[in-house]
Amino acid sequence: MSLLNIRGLSVTFDTLQGPFKAIEGIDLDVKELDTLAIVGESGCGKSVLGHAAMRLLDDIAAVKGSVVYRGREVYSMSREELLEMRGKAVSLVPQSPSASFNPVIRIGKQITELIEKAGVAHGGEAEQRALTYLERVGFSDPQAIFDSYPHRNHWLA
Ligand SMILES: Nc1ncnc2c1ncn2[C@@H]1O[C@H](COP(=O)(O)OP(=O)(O)OP(=O)(O)O)[C@@H](O)[C@H]1O
Ligand SMILES: [Mg+2]
């Protein structure tokens with residue numbers, strides 16, 4: 001079954017130097033159980049493509065083309081449909097945590113919120129899961145990470 005069909009996807013940022021076309025005319029198809037790796041030099045547009053496929057650039061860029069996920073056009077989805085798709089069916093792991101987390105909200109709260117939004121668990125149970133996930137990825141003191149703000153990196157020392 002076809003999972004993702006992208007046709008003619010282009011993203012243009014409006015910059016002080018004028019319009020900047022980050023990606024242009026991307027076509028790709030992913031079937032169920034496929035693995036697709038996109039490789040290219042830094043700045044070639046891999047992250048922009050990923051963000052555009054999840055419709056995360058609407059507010060900051062002109063996006064053209066079509067992204068169809070399981071037969072549904074992502075750019076015609078309602079907000080509810082988008083939230084249903086993101087996090088549960090389609091996930092994005094951002095490459096720069098310091099730029100991707102909200103700097104003024106503690107890490108634990110941000111992870112707990114995701115778990116709750118995904119409907120996996122709520123309240124104290126969601127917090128427990130967040131701690132478990134932090135432990136699972138190798139932090140020796142998950143509670144310290146949970147209680148920290150994203151800009152603090154004392155645990156890396
Ligand atoms: N918000 C933005 N405004 C203006 N230009 C942007 C914006 N976001 C990305 N770009 C530009 O779009 C181009 C593609 O960036 P992108 O982050 O997709 O590259 P990448 O292939 O993911 O690189 P890397 O391998 O370093 O992660 C770059 O030239 C980048 O500067
Ligand atoms: Mg990138």
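Indexing begins at 1, ligand by ligand and atom by atom, following the structure's order.
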- request: For the pair Arg70 and Glu32, find out whether any cationic side-chain nitrogen is under 4.0 Å from an anionic carboxylate oxygen.
  value: yes
Does the pair Asp147/Lys109 count as a salt bridge with the N-to-O cut at 4.0 Å? no
Keeping [X] on the side-chain end and [Y] on the backbone end, is there a donor-acceptor pair under 3.5 Å?
{"X": "Glu24", "Y": "Leu9", "answer": "no"}
{"X": "Ser100", "Y": "Pro94", "answer": "no"}
{"X": "Glu73", "Y": "Ser66", "answer": "no"}
{"X": "Arg7", "Y": "Gly25", "answer": "no"}

Note: heavy atom closest to atom 15 (O) of ligand 1, options Leu49, Val11, Val48, belongs to Val48
Min N/O separation [X] to ligand 1 under 3.5 Å:
{"X": "Thr15", "result": "no"}
{"X": "Gly43", "result": "yes"}
{"X": "Gly40", "result": "no"}

Protein residue, atom and distance nearest to [atom], heavy-atom basis:
{"atom": "atom 11 (C) of ligand 1", "value": "Phe20 CE2, 3.6 Å"}
{"atom": "atom 17 (O) of ligand 1", "value": "Ser47 CB, 3.7 Å"}
{"atom": "atom 25 (O) of ligand 1", "value": "Lys46 NZ, 2.7 Å"}
{"atom": "atom 26 (O) of ligand 1", "value": "Ser42 OG, 2.6 Å"}
{"atom": "atom 1 (N) of ligand 1", "value": "Phe13 CE2, 3.4 Å"}

Any N/O/S atom, side chain or main chain, of Gln95 closer to the Mg ion (ligand 2) than 2.8 Å?
yes
**Message:** Run Ile38 and Leu36 through side chain to side chain contact (heavy atoms under 4.5 Å, CB included) and show every step you take.
**Reply:** CA-CA 7 Å; Ile38 298 173; Leu36 173 72; 4.3 Å; yes
Item checked: atom 4 (C) of ligand 1 protein-contacted (non-hydrogen atom, under 4.0 angstrom) -> yes
Please report whether atom 31 (O) of ligand 1 has a protein non-hydrogen atom at a separation of less than 4.0 Å. no
Near Gln95 (heavy-atom distance under 4.0 Å), the atoms of ligand 1 are 27 (O)
* Are there more than 12 heavy atoms of other residues, nucleotides or ligands under 6.0 Å from atom CD of Glu41? -> no
inquiry  = Using a 6.0 Å cut-off, check whether atom NZ of Lys31 has over 12 heavy atoms from anything other than its own residue.
reply    = no
